[in-house]
Amino acid sequence: CNLQPKDAAKMPESAWKLLFYTLSWSYGIYLLFFTDYPFFYDPPSVFYDWKKGMDVPTDIAIAYLLQCSFYGHSIYATAYMDTWRKDSVVMLLHHVVTLTLIAFSYAFRDCKGSWQGLPGGRRLCWGKLRWVSRRSRDPRGPLNPPCSLCPGRFWFRLYWFPLKVLYATCYSSLQSVPNIPFYFFFNALLLVLTLMNIYWFLYIVLFVAKVLMGQMQEVNDVREYDVEDSKK
C-alpha cells in the first residue's frame, strides 16, 4: 500500500480492530434486527420479567463472550502493544469500565451492559489508508471519507446510546424492577462512557475543523503526539 514506516507500524493494530469491529458489529446487527429480540425498538424490554439467576440465551451469551474477551485483551494491548496516544489513558479507563459493565451485566442477567454501543466508526475514521491520504492532499477535492464518518459517530454514540440505553437503564429499569440491584453502579459507569464518547467526538470535530480550514495536508490522527513529543 506504499505506507510510510510509521504508518506501517500501526497497520496491524488498525487492521485487527477493523476486523473485530466488523464481525462484532455485524453480529450485533443480527441480534437486534434479525431475531425476535425487541431490544432496539423497545429498549425497556430488557427488564421485562427480569429475575435474579434467569437463564441467558446462547446467542446473547456469545455476544457477552466476544465482547468480554476483546476488552480484556484490549486492556493489555493498549498498555503494551498499541501506539501510545494522547487519549490512551482514557482508552484504558474505557476498557476497564466496559469490561466491568459486561461482567456485572452477565452476573446479574442484565442486558444493558452488553448493548453499550455499536462500535467501528472511529476505527474506520482513523484508519490511515494511503488512498484517503492522497485524496485529502487535494484542497479542491470533496470532503474525505473520514470527515463524512463524523455524523455516524454522533448518531451511534451521542444519539442512540443515550436514547436507547441510558433511557432504559436510568428510567425504564425502575419502572419494571423497582428494587433492581446495583442501579446507581451500572448507571454511573454508563454515564462515564457517555462522557468519554463526548471526549472522543470532540477529537473528531477538531480533525474535521483542521481539514476544512486547510491546516492538515494529509490524514493525520490528531490524538497522536508530534515526533518531538514522542521522543520525550
Side-chain angles (χ1 to χ4, degrees), residues 10-43 45-46 56-75 77-78 81-82 87 90-92 94-103 105-106 110-129 132 144-169 189-190 192-194 196-201 203-204 207 219 221 223:
K10 291 177 289 188
M11 179 56 74
E13 173 192 349
S14 296
W16 154 243
K17 291 181 179 178
L18 176 60
L19 173 63
F20 174 81
Y21 281 138
T22 300
L23 295 175
S24 63
W25 192 86
S26 300
Y27 189 63
I29 291 295
Y30 163 74
L31 290 177
L32 290 175
F33 299 107
F34 296 95
T35 64
D36 295 330
Y37 298 120
F39 299 149
F40 183 82
Y41 299 103
D42 185 19
S45 64
V46 300
V56 178
T58 301
D59 50 2
I60 297 293
I62 292 174
Y64 274 108
L65 178 62
L66 288 172
Q67 297 293 336
C68 195
S69 59
F70 173 76
Y71 283 106
H73 164 73
S74 294
I75 293 174
T78 301
M81 297 173 61
D82 299 343
D87 67 335
V90 179
M91 185 70 73
L92 275 172
H94 172 273
H95 296 338
V96 171
V97 169
T98 302
L99 188 60
T100 302
L101 273 170
I102 294 173
S105 172
Y106 184 84
D110 180 354
C111 290
K112 62 189 171 193
S114 64
W115 307 113
Q116 59 98 14
L118 294 175
R122 189 180 78 254
R123 196 56 50 192
L124 287 171
C125 184
W126 298 122
K128 296 183 64 176
L129 299 179
V132 172
N144 62 57
C147 296
S148 64
L149 286 167
C150 187
R153 171 79 179 181
F154 176 85
W155 186 260
F156 281 117
R157 298 297 183 92
L158 298 180
Y159 177 73
W160 268 351
F161 182 74
L163 180 67
K164 301 290 185 178
V165 179
L166 294 183
Y167 175 80
T169 59
L189 294 183
L190 289 171
V192 169
L193 288 182
T194 303
M196 292 181 186
N197 288 335
I198 296 173
Y199 169 79
W200 278 309
F201 183 74
Y203 267 115
I204 298 179
F207 169 76
V219 181
D221 193 336
R223 300 171 302 155

Heavy-atom side-chain contact between [X] and [Y] under 4.5 Å:
{"X": "W16", "Y": "H73", "result": "yes"}
{"X": "W160", "Y": "W155", "result": "yes"}
{"X": "Y37", "Y": "V46", "result": "no"}

If I take atom [atom1] from residue [X] and atom [atom2] from residue [Y], how far apart are they, to the nearest 0.5 angstrom?
{"X": "F34", "Y": "S26", "atom1": "CZ", "atom2": "OG", "answer": "10.0 Å"}
{"X": "K17", "Y": "F20", "atom1": "NZ", "atom2": "CZ", "answer": "11.5 Å"}
{"X": "L31", "Y": "I60", "atom1": "CG", "atom2": "CD1", "answer": "5.0 Å"}
{"X": "H94", "Y": "N197", "atom1": "NE2", "atom2": "CG", "answer": "6.5 Å"}
{"X": "T78", "Y": "D87", "atom1": "OG1", "atom2": "CG", "answer": "9.0 Å"}
{"X": "L166", "Y": "F161", "atom1": "CG", "atom2": "CZ", "answer": "5.0 Å"}

Query raised in the report: Mind checking what makes side chain to side chain contact (heavy atoms under 4.5 Å, CB included) contact with Y41, not counting sequence neighbours?
Result: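 With sequence neighbours excluded, Y41 shows a side chain to side chain contact (heavy atoms under 4.5 Å, CB included) to F33, given in chain and number order.
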
Query raised in the report: Who passes side chain to side chain contact (heavy atoms under 4.5 Å, CB included) against L99, sequence neighbours left out?
Result: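 Side chain to side chain contact (heavy atoms under 4.5 Å, CB included) check on L99 returns C68, Y71, I75.
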
Requested in this report: May I ask you to check whether Y159 and F154 place their ring centres under 6.0 Å from each other?
Outcome: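 Aromatic pair excluded; centres sit 6.0 Å or further apart.
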
Query raised in the report: Taking the side chain from K164 and the backbone from P43, do they hold a donor-acceptor pair closer than 3.5 Å?
Result: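 Judged by distance alone, no pair lies under 3.5 Å.
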
Query raised in the report: Between the main-chain N or O of D59 and the side-chain N or O of Y27, is there a donor-acceptor pair closer than 3.5 Å?
Result: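 Looks like yes, one N/O pair under 3.5 Å.
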
Query raised in the report: Residues two or more places apart in sequence or in another chain: which of them pass side-chain hydrogen bond (donor to acceptor under 3.5 Å, both in side chains) with T194?
Result: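 Counting only residues at least two positions away or on another chain, T194 forms no side-chain hydrogen bond (donor to acceptor under 3.5 Å, both in side chains).
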
Query raised in the report: Which pair of non-hydrogen atoms, one from R157 and one from P162, has the smallest distance, and what is that distance?
Result: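 Of all heavy-atom pairs spanning R157 and P162, the closest is O-CD, 3.7 Å.
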
Query - Shortest non-hydrogen contact between V97 and L189, atoms and distance - result: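 For V97 versus L189, the nearest heavy atoms are CG1-O, 3.7 Å.
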
**Report entry** Heavy atoms from other residues, nucleotides or ligands near OH of Y199 exceed 12 (cutoff 6.0 Å)
**Finding:**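 Yes, the 6.0 Å shell around OH holds more than 12 heavy atoms from other groups.
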
Report task. Take L23 and L66 through the side-chain contact (heavy atoms from CB on, under 4.5 Å) test and state the conclusion after the steps. Result -> CA-CA 10 Å; L23 295 175; L66 288 172; over 6 Å; no

